[in-house]
Amino acid sequence: MQGIGRPDLSWPCVNRGGRGSLIRLETVPVLDKELALSPKSARALTFWQARTGQIVTLIDPEDHYCRGRLTAMTDSGASVVLFAQLPGPVESPLQITVFQALPEKERFELVLQKLTELGVHRIVPFQSQRSTTLQERDALQRKSHRWPDVLLRAARQCRRAMIPELGPVTDWSQVMSEAKATQLALLLYEGKGQLGLARALKQTQPSSLSLIVGPEGGFSAIEVAAAEERGVVTVSLGPRILRTETAAIVAAGVCQALCGDLAE
Ligand code: SAM
C-alpha cells in the first residue's frame with residue numbers, strides 16, 4: 001500500500017478527503033459477522049456522511065480491501081457487517097496530484113468527478129495568467145461550494161476507500177512549491193517539440209507525481225519558462241489540442257495505466 005501509506009505533507013485541504021477518510025479495521029475480518037469499528041474509523045465515516053445501511057469500502061490490518069454494510073452509527077461508535085473481500089486494492093500505489101487552472105462553466109465539476117474515478121489522490125484548482133478567477137466563476141454560477149460534494153459522490157459511486165483531497169483555489173507560486181514536493185512534476189503543454197507524457201513516465205517510474213493543466217487559453221510563455229526553471233518537465237499529450245478537462249482526464253489515465261493501477 002505504497003501510495004496511501006506514505007507520510008502526509010499536509011497541504012491545505014478544503015474537504016474532508018485524504019487519509020482521514022480511510023476506514024480501517026483493527027482485526028482481520030470474518031465475513032458476515034458484525035464488527036465494532038474504532039473511534040477513528042467511526043470518525044472517518046462522518047467524512048463519508050455515512051448512515052446506517054450504507055455500504056462502504058474498508059481496509060483490514062493486512063491491507064485487504066473489503067465491502068461492508070453499516071449496521072449501527074451512534075455517538076458511542078459504529079459497527080459493520082462485511083460481505084465481500086475485494087480482489088485487490090482500490091487505492092492506487094501512484095499518488096497523483098492534479099493542479100487544474102480554473103476552467104469555465106461545468107468543466108471543473110467534470111474534472112473532479114472523472115479524476116476521482118481514475119484514483120487521483122489530490123486535486124488543486126489554481127488561477128493562472130489566462131484562467132478565469134473564482135470570483136468571476138462564482139458570479140456566474142456560484143457552484144464552488146458544491147465541489148466537495150461532487151468528490152464525495154464520485155468516491156462513493158466508484159467504491160473508493162479514500163475521498164480525494166481538494167486543495168483551496170491557489171496561485172502559481174503555491175502550485176510550484178507543492179508540485180516540487182512530488183517525485184515528478186509535469187506541466188501539460190501543447191507547444192512543439194515536447195517530450196511525450198508516456199516517455200517522461202517511463203524514464204522516471206515515479207510513485208508520486210504532479211500534473212499541471214492549463215486553462216482554455218493555455219499557459220503563457222512566461223509561466224512555461226518559470227516552471228521549467230523550477231525543474232518542472234513540460235510534456236505533450238500528442239498532436240491534437242485537447243480541451244482542458246480532456247487533457248486532465250487523459251493525462252491522469254495515462255499515468256495510472258503506466259505507473260499505477262489502471263488496466264493492469
Ligand atoms: N492555448 C491553446 C490554443 O488555444 O491553441 C489550447 C490550450 S488547451 C485547450 C488547454 C490545456 O490543456 C493546455 O494548457 C494544456 O495544459 C492541455 N493540453 C491540451 N492539449 C494538449 C496536448 N496536446 N499536449 C499537452 N497538453 C495539452
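Being a predicted model, the structure only gives us computed values, none of them experimental. The chain is numbered in sequence order, starting from 1.
Between Arg160 and Glu91 there is a salt bridge, with a side-chain nitrogen of the basic residue lying less than 4.0 Å from a carboxylate oxygen of the acidic one. Look at Glu216 and Arg107 and you find a salt bridge, because one of the NZ, NE, NH1 or NH2 atoms lies within 4.0 Å of a carboxylate O, short of that distance.
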| request: Could you walk me through whether Ser220 and Gln129 pass the side chain to side chain donor-acceptor pair (under 3.5 Å) test, one step at a time? | output: CA-CA 7 Å; Ser220 71; Gln129 285 183 357; 2.6 Å; yes

Verdict with reasoning, Thr234 to Glu228, per side chain to side chain donor-acceptor pair (under 3.5 Å): CA-CA 7 Å; Thr234 52; Glu228 285 176 336; 3.0 Å; yes

>> Checking Gln95 against Ser207 for the side chain to side chain donor-acceptor pair (under 3.5 Å) test, could you report, in this order, the C-alpha distance in whole Å, the side-chain angles of both residues, the deciding distance, and whether it holds?
In response: CA-CA 6 Å; Gln95 273 201 341; Ser207 60; over 6 Å; no

- Chi angles and distances behind the side chain to side chain donor-acceptor pair (under 3.5 Å) call for Arg24, Ser41: CA-CA 6 Å; Arg24 291 187 184 276; Ser41 291; over 6 Å; no

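Using a 4.5 Å cut-off between side-chain heavy atoms of Ile, Leu, Val, Met, Phe, Trp and Tyr, Ile241 forms no hydrophobic cluster with any other residue. By the 4.5 Å side-chain criterion applied to Ile, Leu, Val, Met, Phe, Trp and Tyr, Phe83 is assigned to a cluster that also includes Ile55.
The shortest side-chain heavy-atom distance between Arg69 and Val80 does not fall under the 4.5 Å cut-off. Tyr65 is listed as a side-chain neighbour of Thr57, based on a closest heavy-atom distance under 4.5 Å.
The local environment of CZ in Arg130 is crowded, with over 12 non-hydrogen atoms from other residues, nucleotides or ligands closer than 6.0 Å. The environment of Arg43 atom CZ is sparse: at most 12 non-hydrogen atoms of other residues, nucleotides or ligands sit within 6.0 angstrom.
Residues Ser210 and Ala179 share a closest heavy-atom pair of OG-CA, 3.3 Å. In this structure, Thr27 and Pro61 approach most closely via the heavy-atom pair O-CD, 3.4 Å. Here the closest heavy-atom approach between residue Leu188 and residue Ala247 is recorded as CD1-O, 3.8 Å.
At distances below 3.5 Å, not a single donor-acceptor pair connects side-chain atoms of Ser236 with backbone N or O atoms of Leu195. A donor-acceptor pair is defined here as one N or O able to donate and one able to accept, closer than 3.5 Å; such a pair exists between the side chain of Ser21 and the backbone of Gly18. Judged by distance alone, the side chain of Lys180 and the main-chain N or O of Arg230 form a donor-acceptor pair under 3.5 Å. Looking at Thr182, its side chain never comes within 3.5 Å of a backbone N or O of Glu178 through a donor-acceptor pair. For the pair Thr74 (side chain) and Gly77 (backbone), a donor-acceptor distance under 3.5 Å is present.
The CD1 atom of Ile249 sits 9.5 Å away from atom OG1 of Thr244, with the distance rounded to the nearest 0.5 Å. The SG atom of Cys66 lies 8.5 Å from the CD1 atom of Ile59; values are rounded to the nearest 0.5 Å.
For Phe108, the ring pair (Phe, Tyr, Trp, His ring centres under 6.0 Å) partners two or more places apart in sequence, or in a different chain, are Trp147.
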